[in-house]
Amino acid sequence: MADKSKITPRAENFARWYLDVIQQAELAESAEVVKGCMVIRPHGYAIWERLQAELDSRFKATGHQNAYFPLLIPMSFIKKEAEHVEGFAPELAVVTIAGGETLEEPYVIRPTSETIIGYFYAKWIKSWRDLPLLINQWANVVRWELRTRMFLRTTEFLWQEGHTAHATQQEAEEEARRMLDVYADVAENIMAMPVIRGIKSQAERFAGATRSFCIEAMMQNGLALQAGTSHELGQNFAKAFEIRFQNKSGELEFAWQTSWGVSTRLLGGLIMSHSDDRGLVLPPKLAPVQAVIIPIYRKDEERSAVLEKVQQLTSELRAAGVAVNADDREGYTPGNKFFHWEQHGVPVIIELGPRDLAVGNVVFRRRDAAEKQTVPAEGLAAVVVRTLDQMQTEMLEAARKRRSDNTVLAGSLEEVRAILESATAEKGGGKFVMAHLKDDKACDARLKEFKASVRCIPLEDHYDGPGKCIITGETVPHRVVIAKSY
RNA sequence: CGGGGCGUGGCUCAGCCUGGUAGAGCACCUGGUUCGGGACCAGGGGGUCGGAGGUUCAAAUCCUCUCGCCCCGACCA
């Protein structure tokens, strides 16, 4: 049989591989008739729902409540915070006509909700007793980006945005850090995607924030992906929207705020962290279907005996807490089914045919392993549970190793340039370059010359402490992450 | 917004240059044989060729206008 692979190998063209994986796994497709937008298909949405569940339970456990604010925001709101307008104005979609009439004041479709939420927080917050106010919103937002990429940057995307208000700057900082830790926990322990927690440089900070924290992940092509952000907003929006409370001494104070978010971009990160040339690879804790059993038979009597055993094993696995699916579809050969589930990223594929039935075995294949193995049908559930567990751990380890293999030190701007200049999303070759660099917009600008940027100033220094900035020569506390990014 | 590409069955595309009965592969439906890594054979359904206008006896094909999408760059979760 000729090569029927529908997935471009990573080494040939990483960007095309990424799109092929999405298509073959039926995660999403272009919305075609709506520029820059995408349709998230059931399998992709099921993974998003798993992510939502993991995140949402952690938000609740840290005291947050969900709420919902309008999609449309009065234009004037966006303009109230100077940096915020400047940051978002170019990418706003605006509603100017509604009900057949030109609106007196246009609405913008929310690119993020700090402003509309700020308006209501001003009404809700009067006293120190009203604080902290801890709210999260699951929503869609629209940003009119010039260049879109499936999951990574679409015109409309799904996300959650947390918006909190606190009585003190310190509480707000603790909140921003706490949620960053929640994001890192989900990224690493659920998505098996290692991240660096850090602070955004001045140049990369969120429009309107005093400080932005982030988690940065490395994709298989070495490019960086900002996987989540958590911002200290200081009193910027509080001042713009007059969010004031009376403190215990009876004085009026502006509230201290945070906002934090992760989006469907995480699915892009997930794909580019683990998947291979055969298709999607999902970490077991995130896989909507963790195991599939494929029955194999020819004659009718084989069929009934095999299917009976498959049903029994399915029940046992389910009882052990495994999300299992028996693929008893008629009219597809087993080979066809193997490919199907492999491309869809199912962590464990089990096959059972007359030969296995005769000796009480099943054939078993871990998605990220090269070889099949044969195991006894008796006690299969325990083996699957253990395997899923191991796979989760090993996927994170593998991703960590790849990141560390592709992280290098640099001592001069020319060295950074030489390492990163030729890296692209298509051809790969990206690295995390650790270098000493002053947190100054002028320094960031020099990296732009070769399309790299400061991804973050890590919160923890795993290198060699202070050193001289590769541009200004001034001493800075520790190395920053420089990379090309999505 | 600059540069490039493309709109033809569900999908990927050929046909266009040189106008003359709308095609292929995949997918789909039916029947049979198959079934341990993308099965095979036979039969079958499905397209106002992105849209409008023009030239012509005749337009998927030539001309004009128009709409949309994709890719590359500048901007960005």
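Letters A, B, ... are given to chains in the order of the sequence lines, protein chains preceding strands, and every chain is numbered from 1.
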- Message: Using a heavy-atom cut-off of 4.0 Å across all strands, would you classify A/Y486 as base, sugar-phosphate, or nothing?
- Response: nothing
- Query: What is the nucleic acid contact for A/S453, judged by heavy atoms within less than 4.0 Å: base, sugar-phosphate only, or nothing?
  - Reply: nothing
- Contacts to RNA chain B from residues 281-307 of chain A, heavy-atom cutoff under 4.0 Å, which residues? A/I296, A/Y297, A/R298
- Message: What contact category does A/P354 fall into here, base, sugar-phosphate, or nothing, at under 4.0 angstrom with non-hydrogen atoms?
- Response: base
- Side chain of A/R147 only, please: which of B/rA77, B/rC72, B/rG73 is the nearest? B/rC72
- Query: Atom CD of A/Q373 to atom C1' of B/rG36: distance rounded to whole Å?
  - Reply: 16 Å
- Separation of atom NZ in A/K200 from atom C1' in B/rA77, rounded to whole Å: 10 Å
- Note on the structure: A/R365 CZ to B/rG37 C1', in whole Å, measures 9 Å
- Item | Closest listed nucleotide, where the reference is the side chain of A/F339 and the choices are B/rG38, B/rC71, B/rA77 | B/rG38
- For A/Q226, report the nucleic acid contact type (base, sugar-phosphate, nothing); a contact means any heavy atom under 4.0 Å. sugar-phosphate
- Query: With sugar-phosphate meaning primed atoms plus P, OP1 and OP2, does A/V262 contact a base, only sugar-phosphate, or nothing at under 4.0 Å between heavy atoms?
  - Reply: nothing
- Message: For a quick check of understanding: with a heavy-atom distance under 4.0 Å over all strands, which category does A/E426 fall into, base, sugar-phosphate or nothing?
- Response: sugar-phosphate
- Partner nucleotide, any strand, of B/rA42 [Watson-Crick/G-U, under 3.5 Å]: B/rU30
- Task: Specify the separation, in whole Å, of atom CH2 of A/W341 and atom P of B/rG36.
- Result: 18 Å
